[in-house]
> 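Quick one: the structure is below, and I'll ask about it shortly.
The chains referred to below are lettered A, B, ... by the order of the sequence lines, with proteins before strands, and numbering in each begins at 1.
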Amino acid sequence: MTEQYQPSVVERKWQKKWEEANLYAIELEKAKNPYYCLVMFPYPSGARLHVGHWFQYGPTDSFARFKKMQGNDVFLPVGFDAFGLPAENYAIKTGTPPTKSTAENVQNMMKQFKRMGCMYDWSKTLNTSEPEYYRWTQWLFLQMYQKNLAYKKEAKVNFCPSCQTVLANEQCQDGMCERCGTEVEQKPMQQWFWKITDYAQRLLDGLDTMAWPEKTKLMQRNWIGKSEGATIKFEIKNQKSETHKKFEVNKTKTFVEVFTTRPDTLFGATYLVLAPEHPLVDEVMPKEHEGAVHAYREEVKKKSEMERTELNKTKTGIWIGAYAINPATEEEIPIWIADYVLINYGTGAVMAVPAHDERDYEFASVYALTVREVVKGGNIKDAAFTEEGSAINSDFLNGLSTSEAQKRIVAWLEDEEIGRQKIHYRLRDWLISRQRYWGAPIPIVYDPQGNAHPVSEEHLPWLLPTDVEWKPTGESPLKASKEFKKRTEKIFGKGWTPECDTMDTFVCSSFYYLRFLTNAHSQSKRVIDPALEKKWMPVDMYIGGPEHACMHLIYARFVMMALYDFGIVSHEEPFQKLVHQGLITNQGAKMSKSKGNIVDPDPLVEKYGSDIFRMYLMFMGPYGDGGDFSDTGIRGVERFMQRVWKIFKKAKEAPASLQGAAKSKKVQIKLHSTIKKVTEDMEKLHFNTAISALMELLHVLEKEESISKETLKTFAILLAPIAPHLAEEIWETQSAQHSFVFQQPWPSFDSTIVITDTMTIVVQVNGKMRASIEVDSGAKKADILAKAKEQPNVQKWLEGKNMKKTVYVQGRLINFVL
RNA sequence: GCCGCCGUGGUGGAAUGGUAUACACGGGGGACUUAAAAUCCCUGCUCAUUACGAGCGUGCUGGUUCGACUCCAGCCGGCGGCACCA
């Protein structure tokens, strides 16, 4: 053995041996004890892995190795989420086709993953931008289309004038484009949507069945935004018909519908507020108000999305000159418009109950509108009372509790046919159309009359054309392709045109966990083999960043549920357990290319090797916390590895008389408590404390004259998931015939070994530690107490005082209370 | 503003209501060495230095408890999410 441990030599040696032995290949059909460990697949934007990638893929590989050694048939795949904007932008800038730059990046990243030494089975990788993959993205679209979950509608969409592209709501932050920061415009366009809203309730219910962080569940609940209440129709008082009695014959009642979560406060509704954009405004507003209303609307339009939502300022609004009738009180109440009411939430109209809603209260104070208290319990002179209470000033509701009043009023509304119970969700349908090049083409064609027809499955993959300009024009780049148009006419007939939008990349990533599970049957015939799906799904452990809590993780769940309904899969939820890794920052700032503060791990990997770098990342702190990156401290991990090397070297080279000496009790106890600690910590992804436990064990072993072979072997096994290459190297020194440390079973903890002859009892006086004593494990309480009192430093404190109470905690401590 | 998470040495961080600061990094001191590197040992603060000594210490103020970093209440500070959601 060499004097010093040489990571670069050893790591290459074992990477080669693993590959030759095909150690990490997995036969999906034959696995007896399947464990699906999935880490969110990377986007191949840069050509190299950065520190964040290492932090995501290194420790999770360690976790998977741990699971494998525990006897699971672990499937840990990795692939590439390759469609998307950066490759397209790169193409725009340099003229390099995305196909080419993406393939190069993928090759580079794979090389680096191999250098990391992960246990990926590279025969099962995937790339969402390859036709073999995106044919299934298109297949999924067709399924959605056939089941009426895909539809097209004109919608005002967020349009980024700089990226010349449409953005999803979640891609606009504070009215700015998430990617480039340009202010987003509203632009009407024909867009494809998927009806995720049909699944709102199930997406909510499913959360209760999964082992996910509560925080993430809460974010999803928030995102789905369920509110229970009622819709109520308010009749609009027809002023025109009153003044022109001739037209009374044609008079039809006009209604405005509101949604409220507090129908019980209907008697307190003293005005209505519509969104400025509400179509009814033009219909019911008297002529003389048009000027003012128009002016107000212009003012609202001028405000950026940001200003409008900034708020907490004084609310603004204007009376439109019309009245509605409160169906409960039969009073005439004024109709206002105000920018705090949003056209795309609820019905775009609210009944204002200023006494019991903070916003309405504030609005009413500004414009001196009537405030009527209808729930007892607050002081409405000072503030709105939004809690529950008993109804007052509410005729037949008086005296009822809020929940009783709600039931009662809803029943009344339904009887009168002017309202009904309604559950509303904030979740909106998923806009999947993108006017971009680098994505999966939507498999739709249009006949000469403009009607949409699906491209049938036999024509999949519906290839992405290559004869295009990538320059953004605000139109889909595919429109420029002659080949695409020709292909469509050839198959469907003259005058037929292809859909030129591509799909959101979140569609690609909504089912990739199924595509990893491919075999001969599912390679090109079906999206997933039912037997494999049944066997491997749901994913046992899913690891990825918390930034995906509300988009990817909801879309993927929706798609899985839909496939369940289509009879394609047997589970409704794709990810049984979810864990988020923390974020690695650089001097407190998120690393990003644009900021130029990305830390390149390669020099450190070069200098210290993959094991040390990985272990250092794991030792930094709890995995879920992430942290600020700095390489101070990596030397500590390096020292640890060298010390490990040294004890194995010493054992190997020791004279025969010292080899395999009897195990000391002390070592046995430490060894077994370490087994326990490391096992529990690895299970919880508490890598930092698992490592410190191994460091403690090493300290004990270093003090021993000689160490038994068995102890050394166990040490190598415990270290294996954390430092795979070093572990193989030291394992080799201890195993007679050739075998891999990763084929060894994980050691089990023997609780009988940890039982000691003596125990240490801490002696406190008034809760302060004054001494500690060693007693026999079998010692009686009375003897222990007596011995404790004998301690000089205890006596000093007990002298001349009255003992009030004595607390004895079995095997731990004594507290004398004076 | 609302919701959630978190405040522990110079630093990263440990602690089922039971010895606060494990395991490391850095600084300081010491051992080894002609010297340096490497390695090993000691090191929270204050007062004592006769100690196997006392006091203070987990953001702040209280509370529960024999005993609180841990539980409860109220503040202060930081981070993340949502943004007038009717």
Side-chain angles (χ1 to χ4, degrees), chain A residues 4 170 173-174 213-223 225-227 229 231 258-263 265 269 273 275 305-306 308-313 315 338-342 344-353 356-360 362-363 424-426 546-547 549-550 580 583 585 588 616 619-622 624-625 627-637 639-640 642-643 646 686 688-699 702 760-772 791-793 796 804-809 811-818:
Chain A
Q4 293 261 309
E170 46 268 40
Q173 293 186 341
D174 301 327
E214 277 310 312
K215 195 179 160 178
T216 309
K217 290 188 187 181
L218 194 79
M219 277 165 75
Q220 292 214 346
R221 286 193 189 104
N222 238 310
W223 194 263
K226 179 178 181 173
S227 45
T231 54
V258 304
F259 173 68
T260 176
T261 53
R262 292 293 300 272
T265 61
V273 188
E305 189 93 344
M306 207 169 160
R308 222 177 127 169
T309 53
E310 190 183 297
L311 96 138
N312 280 354
K313 306 274 171 193
K315 302 207 176 327
D339 59 0
Y340 80 90
V341 175
L342 308 174
N344 52 12
Y345 186 82
T347 59
V350 300
M351 66 176 210
V353 186
H356 306 289
D357 181 281
E358 275 165 31
R359 289 153 310 176
D360 297 342
E362 197 192 319
F363 193 77
H424 189 264
Y425 300 92
R426 175 162 33 180
E547 68 273 18
C550 288
H580 299 300
L583 183 70
T585 54
Y616 174 61
F619 188 53
M620 269 178 28
D625 284 4
D628 204 53
F629 186 81
S630 100
D631 60 6
T632 61
I634 194 165
R635 289 273 295 108
V637 174
R639 278 185 201 130
F640 170 77
Q642 293 295 351
R643 280 161 53 207
K646 230 156 91 182
H686 291 181
N688 56 332
T689 46
I691 292 169
S692 70
L694 287 168
M695 286 174 167
E696 283 183 47
L697 176 59
L698 180 64
H699 272 295
E702 276 173 334
T760 310
I761 307 279
V762 167
V763 185
Q764 296 182 332
V765 180
N766 275 348
K768 287 213 190 308
M769 212 254 298
R770 297 302 178 188
S772 70
Q791 301 300 308
N793 201 40
K796 203 168 92 189
K804 215 163 100 190
K805 192 177 174 183
T806 303
V807 180
Y808 174 60
V809 182
R812 299 203 76 123
L813 66 71
I814 295 166
N815 189 10
F816 295 117
V817 186
L818 304 177

> For the C1' atoms, the ones on B/A20 and on B/C5, what distance do you get once it is rounded to whole angstrom?
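Here B/A20 and B/C5 have their C1' atoms 23 Å from each other.
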> Please measure how far the C1' atom in B/U70 lies from the corresponding atom in B/G59, and state the result in whole Å.
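After rounding to an integer number of Å, I get 16 Å for this pair.
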> Identify the two heavy atoms, one from A/His580 and one from A/Pro213, that lie closest to each other, and give their separation to 0.1 Å.
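So the two residues come closest at CD2-CG, 3.9 Å.
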> Give A/Leu813 one of three labels, base, sugar-phosphate or nothing, depending on what nucleic acid heavy atoms sit under 4.0 Å from its own.
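Since a base atom lies under 4.0 Å of A/Leu813, the category is base.
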> Please give, in whole Å, the distance from B/G80 P to A/Gln220 CD?
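From A/Gln220 CD to B/G80 P: 20 Å.
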> Assess whether one donor atom and one acceptor atom, taken from the side chain of A/Lys315 and the base of B/C84, lie less than 3.5 Å apart.
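Between B/C84 and A/Lys315, which were checked side chain against base, a qualifying N/O pair under 3.5 Å is present.
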> Mind checking A/Ser227 for me? I need base, sugar-phosphate or nothing, with any heavy atom below 4.0 Å counting as a touch.
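A/Ser227: backbone/sugar contact only, no base atoms under 4.0 Å.
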> Is A/Lys215 close enough to B/C5 that one of its side-chain N or O atoms is under 4.0 Å from OP1 or OP2 there?
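No.
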> Mark yes or no for a side-chain to base donor-acceptor pair under 3.5 Å between A/Arg643 and B/U39, with no hydrogen or angle criteria applied.
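No.
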> Have a look at A/Lys796 and say if it touches a base, only the backbone sugar-phosphate, or nothing, with a 4.0 Å heavy-atom cut-off.
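If one applies the 4.0 Å heavy-atom cut-off, A/Lys796 turns out to touch the sugar-phosphate alone, with no base involved.
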> Contact class for A/Arg770 (heavy atom, under 4.0 Å): base, sugar-phosphate, or nothing?
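Result for A/Arg770 = sugar-phosphate.
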> Which whole-number value in Å describes the distance from A/Leu583 CG to B/C6 P?
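Going from A/Leu583 (CG) to B/C6 (P), I get 18 Å.
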> Which part of the nucleic acid does A/Val350 contact within heavy-atom distance under 4.0 Å: base, sugar-phosphate only, or nothing?
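Base contact.
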> From the options B/C25, B/C66, B/C23, select the nucleotide whose nearest atom is closest to the side chain of A/Val807.
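Taking heavy atoms from C-beta onward, the closest nucleotide is B/C66.
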> With heavy-atom distances below 4.5 Å as the criterion, would you say the side chains of A/Leu813 and A/Gln764 are in contact?
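They are in side-chain contact.
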> Would you say B/C85 has OP1 or OP2 under 4.0 Å from some side-chain N or O of A/Arg359?
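Answer yes for this pair, as a side-chain N or O of A/Arg359 is under 4.0 Å from OP1 or OP2.
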> If you measure from CZ on A/Arg426 to OH on A/Tyr345, what distance do you get to the nearest 0.5 Å?
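Rounded to the nearest 0.5 Å, the CZ-OH separation comes to 6.5 Å.
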> Could you check A/Val817 against A/His699 and say which one's nearest nucleotide on RNA chain B is further toward the 5' end?
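So the residue in question is A/His699.
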> Can you tell me the pairing partner of B/G4 across any strand shown, Watson-Crick or G-U wobble, with both distances under 3.5 angstrom?
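Check on B/G4: paired to B/C79, both distances under 3.5 Å.
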> If you look at every strand shown and take non-hydrogen atoms under 4.0 Å, does A/Met769 touch a base, only sugar-phosphate, or nothing?
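Base, at least one base heavy atom under 4.0 Å.
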> Tell me the interatomic distance from A/Leu218, atom CG, to B/C2, atom C1', rounded to whole angstroms.
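Checked: the CG to C1' distance equals 11 Å.
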> Could you check how far CD of A/Gln642 sits from P of B/A38, rounded to whole Å?
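In whole Å, B/A38 P lies 13 Å from A/Gln642 CD.
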> Whom does B/A38 pair with, Watson-Crick or G-U wobble, provided both distances fall under 3.5 Å?
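Paired with no nucleotide.
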> Taking O4'-C1'-N9-C4 for purines and O4'-C1'-N1-C2 for pyrimidines, is B/G29 syn (within 90° of 0) or anti?
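Base orientation relative to the sugar is anti.
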> Taking C-beta and beyond as the side chain, do A/Thr806 and A/Ile814 meet within less than 4.5 Å on heavy atoms?
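Answer yes - side chains close enough.
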> Taking only the side-chain nitrogens and oxygens of A/His686, find out if one of them lies under 4.0 Å from OP1 or OP2 of B/G13.
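For A/His686, the contact criterion (side-chain N or O under 4.0 Å from OP1 or OP2 of B/G13) is not met.
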> For B/C25, does OP1 or OP2 lie under 4.0 Å from any side-chain N or O of A/Arg639?
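For A/Arg639, the contact criterion (side-chain N or O under 4.0 Å from OP1 or OP2 of B/C25) is met.
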> When the C1' atoms of B/C69 and B/U58 are considered, how many whole Å apart are they?
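Straight-line distance between the two C1' atoms is 5 Å.
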> Give one of base, sugar-phosphate or nothing for A/Pro622, where a contact means two heavy atoms less than 4.0 Å apart.
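Sugar-phosphate, no base atom in range.
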> When you compare B/C40 with B/C56, how far apart are their C1' atoms, in angstrom units rounded to a whole number?
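Taking atom C1' in both B/C40 and B/C56, they lie 33 Å apart.
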> Distance check needed: B/G81 C1' versus A/Met219 CE, whole Å only.
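After rounding, the gap between these two atoms is 5 Å.
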> Using a strict threshold of under 4.0 Å (side-chain N to carboxylate O), is an ion pair present between A/Arg359 and A/Glu362?
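No salt bridge links A/Glu362 with A/Arg359.
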> Considering only B/C23, B/A38, B/C85, which nucleotide approaches the side chain of A/Met695 most closely?
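Closest nucleotide among those given: B/C23.
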> In this structure, how many angstroms lie between the C1' atom of B/U11 and the CG atom of A/Asp625, rounded?
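So the two atoms are 16 Å apart, to the nearest Å.
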> Any base atoms under 4.0 Å from A/Asn222, or only sugar-phosphate, or nothing? Heavy atoms, all strands.
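No contact at all - A/Asn222 keeps every heavy atom at 4.0 Å or more from the nucleic acid.
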> For nucleotides B/G17 and B/U11, find the distance between their P atoms and express it as a whole number of Å.
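B/G17 and B/U11 have their P atoms separated by 27 Å.
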> Look at all strands and tell whether A/Phe619 reaches a base, only sugar-phosphate, or nothing, counting heavy atoms closer than 4.0 Å.
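It contacts base atoms.
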> Of the options B/A22, B/A54, B/G18, whose atoms approach the side-chain atoms of A/Asn815 most closely?
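The answer is B/G18, which lies nearest to the side chain.
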> What heavy-atom pair brings A/Val817 and A/Asn766 nearest, and what distance separates the two atoms?
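The answer is CA-OD1, 3.5 Å.
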> Between A/Pro792 and A/Ala693, which is nearer to the 5' end of RNA chain B once each is assigned its nearest nucleotide?
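It is A/Ala693 whose nearest nucleotide is closer to the 5' end.
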> Rounded to the nearest angstrom, tell me the gap between atom CG in A/Asn688 and atom P in B/U11.
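Spelled out: CG on A/Asn688 to P on B/U11 is 18 Å.
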> Round to the nearest Å and state the distance from A/Arg426 atom CZ to B/A83 atom P.
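Whole-Å distance recorded here is 7 Å.
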> Please state the P separation for the pair B/A73 and B/G4 - nearest whole angstrom.
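Each nucleotide's P atom is 12 Å from the other's.
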> Of the nucleotides B/G53, B/C84, B/A86, which one has an atom closest to the side chain of A/Phe259?
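Looking only at heavy atoms from C-beta outward on A/Phe259, the closest nucleotide is B/A86.
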> With respect to the side chain of A/Gln764, which nucleotide from B/C40, B/G18, B/A14 is positioned closest?
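Of the options given, the side chain of A/Gln764 lies nearest B/G18.
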> Measure the shortest side-chain to side-chain distance between A/Asn815 and A/Tyr808 over non-hydrogen atoms and say whether it is less than 4.5 angstrom.
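Answer no - side chains too far apart.
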> Does the structure show a Watson-Crick or G-U wobble partner for B/C71, both distances under 3.5 Å? Name it, or say none.
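Its partner is B/G63.
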> Please give the distance between the C1' atoms of B/C76 and B/C60 as a whole number of Å.
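The answer is 7 Å between these two C1' atoms.
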> According to the Watson-Crick and G-U wobble definitions, with both distances under 3.5 Å, which nucleotide is paired to B/G27?
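B/U43 is the nucleotide pairing with B/G27.
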> Can you tell me, in whole Å, how much space there is between the C1' of B/G18 and that of B/U65?
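Here B/G18 and B/U65 have their C1' atoms 12 Å from each other.
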> Could you state the interatomic distance from NZ (A/Lys215) to CE (A/Met219), rounded to the nearest 0.5 Å?
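Between A/Lys215 NZ and A/Met219 CE, I get 7.0 Å after rounding to 0.5 Å.
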> Scan A/His424 against the nucleic acid and name what it touches under 4.0 Å (heavy atoms): base, sugar-phosphate only, or nothing.
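No contact at all - A/His424 keeps every heavy atom at 4.0 Å or more from the nucleic acid.
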> Is it the case that A/Lys315 places NZ or CZ above or below the six-membered ring of A/Tyr340, under 6.0 angstrom from the centre and within 45 degrees of the axis?
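Checked: cation-pi criterion met.
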